[in-house]
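Beneath this line is the structure, given in structure tokens, with notes to follow.
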Amino acid sequence: MKTNMPNTISGFSKLSKSEKIDWLLNTYFADKENAKALVERYWNSDEKLQKLHDEFIENTITNYYLPLGVAPNFLINETLYAIPMAIEESSVVAAASKAAKFWLERGGFKAEVLSTEKIGQVHFTYDGDSKDLEIYINEVIKQKFFDDSKHITKNMENRGGGILDIVLKDKTADLENYYQLHATFETLDAMGANFINSCLEQFAQTLKREAALYLKGHLNVVMSILSNYVPQCLVRAEVSCKIEDLKSKDIPNPKEFAKQFKQAVTIAEIEPFRAVTHNKGIMNGIDAVVLATGNDFRAVEAGVHAYAARNGSYSSLTHCAVIDGVFKFWIEIPLALGTVGGLTSLHPLVKFAMEMLQKPNAKDLMKIVAVAGLAQNFGALKSLTTTGIQEGHMKMHLMNILNQFEATEAEKVRLVEHFKTHVVTHSSVVEAIEKIRS
Ligand code: MEV
């Protein structure tokens, strides 16, 4: 890139909010008045609330809204939940609600947390003897990592968490002179990113200090950071019922349905192209709840997809069995979530979502989120293997198309009625709007 391009700016972050907006408007927008009005329309008139949002990130110019929807009637381990979902895609909340109701009448969802271990690594190189390094770390300084981190771990330990273990991993077969301190943590109700990263940076200090004193070779710390891959922070959610109990308005032939459904899951287990879309549907539910509860959906996404590929080929996160007349459908996923700290105690709507979920701890939230993913996948596969996805999807999408054409309330009422008995496609909606307007 040329450094003297006309639109570069230095010191942008130091400008006030209105100076930032003015610069943007003057630099990139043809209709400045309109753009400014839009930015201002999305400001919150409550100055305190707006300031809170401004300070979540840097260079904030306005807010970017996502709808917050609710999917009620989720029975999970005998507790009823209404699940908050922040998502822009139509049909997702409707599908979750429908799946919740379906399974409510069939015993609900069962969920259990299998493990809660988080991971962090200090990546370093050492050009001396690997045996010396191993003996030195395991037998001489390992305890020093724990002792030097006491000021960080004290509170977490008082609550029952902390550093679980620190092991040296020799990765020199993969990369010359490359080693790791691979540390495991229990962070209880915190997602734990800050806790883990602070511990790791302390381990790196200790390692450098001690190595300089005692090791013969040269040790260089490259970086210290948590891993968002948490295959030992696992939750499992499940639904099951007798095949004949699957019978409903949409499922006139339960045996055939169970067969088709299981086949659809098996295809996603063995075929990566399908598995990606299958898992995308699962993440529709998972991300929406993760976002509504103020958790880091990018971390969850990265970890979940790595888990889906753990056996060397990208595969389904859900599984299905039809054995002895019983239909069973389950998900097993890694989820590093928090219900304290971070945005959870700052964002008013996150607090609202947490109260809606009866103030869950991290383990409860793991179960709720896994169930949302399983329900979403059930809804998608049920549509895909019966009516096809477009029937329901386009009905939901109808409102988006009507809004695109700025339909009036009266037009919406007429057209929604019309499309109860007609197939929704983009062109059929456009045609119908044009017809009633002409
Ligand atoms: C759309 O957002 C998600 C689906 O494509 C998922 C699937 O195909 O299983 C419907």
Side-chain angles (χ1 to χ4, degrees), residues 66-71 74 83-103 109 237-239 246 250-251 256-292 297-298 300-302 304-305 307-309 313-322 327-333 335 369-401 403-404 423-426 429:
L66 277 184
L68 179 67
V70 176
F74 270 95
I83 298 190
M85 302 177 82
I87 187 161
E88 86 301 343
E89 185 176 332
S90 58
S91 297
V92 169
V93 178
S97 307
K98 213 170 155 194
K101 197 77 189 294
F102 183 91
W103 286 106
F109 295 80
E238 179 186 305
V239 284
L246 289 168
D250 305 338
I251 307 176
E256 180 58 24
F257 171 81
K259 194 169 147 223
Q260 283 277 94
F261 191 98
K262 181 172 159 28
Q263 190 73 332
V265 175
T266 309
I267 290 170
E269 284 169 340
I270 58 124
E271 159 54 46
F273 280 94
R274 172 56 201 151
V276 170
T277 316
H278 178 97
N279 289 348
K280 185 276 183 188
I282 294 172
M283 299 315 286
N284 278 344
I286 289 183
D287 282 345
V289 190
V290 169
L291 202 52
F297 63 92
R298 288 87 54 209
V300 167
E301 281 276 345
V304 163
H305 295 299
Y307 190 73
S313 169
Y314 191 88
S315 178
S316 171
L317 295 162
T318 55
H319 307 282
C320 180
V322 182
F327 171 88
K328 196 193 265 193
F329 179 49
W330 71 97
I331 187 168
E332 198 184 275
I333 41 163
L335 286 173
V369 170
V371 163
L374 185 70
Q376 209 67 52
N377 192 222
F378 179 79
L381 294 184
K382 180 163 164 281
S383 297
L384 286 168
T385 56
T386 54
T387 55
I389 206 80
Q390 283 310 85
E391 187 186 283
H393 211 86
M394 290 310 286
K395 284 243 157 82
M396 297 291 171
H397 194 49
L398 174 62
M399 210 39 82
N400 286 348
I401 306 175
N403 284 333
Q404 248 171 38
V423 178
V424 180
T425 63
H426 195 270
V429 177

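When a ligand or atom number is given, it counts from 1 through the structure's own listing order.
When distances from atom 3 (C) of ligand 1 to the protein are checked, a heavy atom turns up under 4.0 Å.
The residues Lys280 and Glu89 are annotated as salt-bridged, a charged nitrogen and a carboxylate oxygen being separated by less than 4.0 angstrom.
The side chain of Asn284, and not its backbone, has at least one atom closer than 4.0 Å to an atom of ligand 1 (non-hydrogen atoms only; side chain from C-beta on). The part of Leu384 lying near ligand 1 is the side chain, judged by heavy-atom distances below 4.0 Å. Counting heavy atoms closer than 4.0 Å to ligand 1, residue Arg274 contributes side-chain atoms (C-beta onward) but none from N, CA, C or O.
Here is the list of ligand 1 atoms found below 4.0 Å of a heavy atom in Ala380: 9 (O). Residue Lys280 has at least one heavy-atom neighbour below 4.0 Å for each of these atoms of ligand 1: 1 (C), 2 (O).
For the ligand labelled ligand 1, residue Met283 lies outside the 4.0 Å heavy-atom shell.
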Run Thr318 and His278 through side-chain hydrogen bond (donor to acceptor under 3.5 Å, both in side chains) and show every step you take.
CA-CA 9 Å; Thr318 55; His278 178 97; 2.7 Å; yes

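Scanning both residues, Ile87 and Ala288, for their nearest heavy atoms gives CB-CB, 3.9 Å. Gly281 and Gln376 get closest at one heavy-atom pair: O-CG, 3.2 Å. Minimum heavy-atom separation, Ala375 to Ala99: O-CB, 3.4 Å. When all heavy atoms of Val300 and Ile286 are compared, the closest pair comes out as CG1-CG2, 3.9 Å.
Shortest contact from atom 5 (O) of ligand 1 to any protein heavy atom: Thr277 CG2, 3.6 Å. Of all protein heavy atoms, the one lying nearest to atom 1 (C) of ligand 1 is Glu89 OE2, 3.5 Å. Closest to atom 10 (C) of ligand 1, if we only count protein heavy atoms, is Ile389 CD1, 3.7 Å.
Trp103 and Phe74 have their aromatic ring centers separated by at least 6.0 angstrom.
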